[in-house]
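Reading through the structure tokens given below for one structure.
These numbers come from a predicted model, not from an experiment. Each ligand, and each atom within it, is numbered from 1 in the order the structure gives. In what follows, every heavy atom counts, from backbone to side chain, and hydrogens, waters and symmetry copies are set aside.
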Amino acid sequence: MVYPPGIAFHPHLPERLGFSRLLALMSPELHRLLEATDPFTLVMRRNRVTLWREARRILRRNIPGDFVEIGVHRGGTAGILAQVLQSEPSRTLHLFDRWGDLPEPTPRDGFIAETYRKDLIPEKLSDLKDRPPLPDAKRLLQSVLGFPVAQTRYWEGWYKDTFRAYDGNRIAFASIDCDYYESVRDSLAFLTPLLAEGATIVLDDYSTWPGAKAAADEWLPTNAKLYPMPTGPAVIRLQGDWRSAGKCAER
Ligand SMILES: C[S@@+](CC[C@H](N)C(=O)[O-])C[C@H]1O[C@@H](n2cnc3c(N)ncnc32)[C@H](O)[C@@H]1O
């Protein structure tokens, strides 16, 4: 398996072999950020590191555009993007979520969806009622990390409605973390006309949710490189004039 240069190290270093301790020595700033976002996320530390590295790469390469997260929940991964954007006040962070309800999986989501529907959705819905996620996301971004409110846009609602209302800029970086085939498919369709040349997408659920993988594989254009990470996500880097280059052949 091939990884993009620079990110091969982290996915292979298991927690028990000292990933966190090593990171605290190598990058205290990133280690503090992981600690601050821990209580606000479902995403493991190594995958947040991938997000951080890919988002910073966009700034280093001066790819123009705003940052987007689709699937925010309590804001942990959005917090990683907010921290990266602290030095870039001209870029907005757009956050899309229903915050407080969950869509139903469909047959495209495979066997995992059935278990999810029966056991986990009722439990998750009652948790969302007891502890609403949007105030947590705002607290992390604005109070804990000090990210400017004026640089954040909260798009609250079902994606089919909020994507239609989007009136923002083009997009340089997108984090997609919404599990289901239909949600990922609609996110990629929404992003297609907006993504800048050289943009990157990190799709959190590529190897863990079969529907998310199917939606990404169906969408992937020819001029894109998809790097599956062993811990679940895929990094998708768009190259050159990717829109006019057409679709990938059968993968
Ligand atoms: C796995 S959680 C996101 C986790 C988050 N990135 C973190 O750091 O923990 C997925 C979120 O996507 C939202 N979601 C999924 N499909 C959606 C849709 N069609 N419209 C709106 N929100 C959706 C869910 O409500 C949920 O909050």
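For atom 8 (O) of ligand 1, the closest heavy atom belonging to the protein is Thr41 OG1, 2.7 Å. Ranking protein heavy atoms by distance to atom 9 (O) of ligand 1, first place goes to Leu42 N, 2.8 Å. Regarding atom 4 (C) of ligand 1, its nearest protein heavy-atom neighbour is Asp177 OD2, 3.2 Å. When only non-hydrogen protein atoms are considered, atom 26 (C) of ligand 1 lies nearest to Asp97 OD2, 3.6 Å. Remark: minimum distance from atom 22 (N) of ligand 1 to any protein heavy atom is reached at Arg98 N, 3.2 Å. In terms of protein heavy atoms, atom 17 (C) of ligand 1 is closest to Tyr159 CE1, 3.2 Å. Of all protein heavy atoms, the one lying nearest to atom 15 (C) of ligand 1 is Cys178 CB, 3.5 Å.
Close approach of ligand 1 to Ser183 (heavy-atom distance below 4.0 Å) involves ligand atoms 15 (C), 16 (N), 17 (C), 18 (C), 19 (N). Applying the 4.0 Å criterion to heavy atoms of Gly157 picks out, from ligand 1, the atoms 21 (C). Atoms of ligand 1 found under 4.0 Å from any heavy atom of Leu102 (numbered from 1 in listed order, with element): 24 (C), 25 (O).
At a cut-off of 3.5 Å, with distance as the only test, no side-chain donor of Asp186 or Tyr180 sits close to an acceptor on the other residue. Counting only N and O atoms by type, the side chains of Gln142 and Thr152 include a donor and acceptor under 3.5 Å apart.
For Ser143 (side chain) and Leu140 (main-chain N/O), no donor-acceptor pair under 3.5 Å exists by modelled atom type. Between the Asn169 side chain and the Asp66 main chain, no donor and acceptor come within less than 3.5 Å of each other. At distances below 3.5 Å, not a single donor-acceptor pair connects side-chain atoms of Glu54 with backbone N or O atoms of Arg237. With hydrogens and angles ignored, the 3.5 Å screen pairs no side-chain donor or acceptor of Arg74 with any backbone N or O of Pro39. Asp109 places a side-chain N or O within donor-acceptor distance of the main-chain N or O of Tyr181, the cut-off being under 3.5 Å.
In this structure, Tyr180 does not count as a contact residue of ligand 1, since none of its heavy atoms falls inside 4.0 Å of the ligand.
For Phe190 and Tyr166, the gap between ring centers is short of 6.0 Å.
Here Asp179 has side-chain heavy atoms under 4.0 Å from ligand 1, and that is the only part of it that gets that close. In Asp101, the part holding a heavy atom less than 4.0 Å from any atom of ligand 1 is the backbone.
Taking the centre and axis of the six-membered ring of Trp52, the NZ or CZ atom of Arg56 falls inside the cone set by 45° and 6.0 Å.
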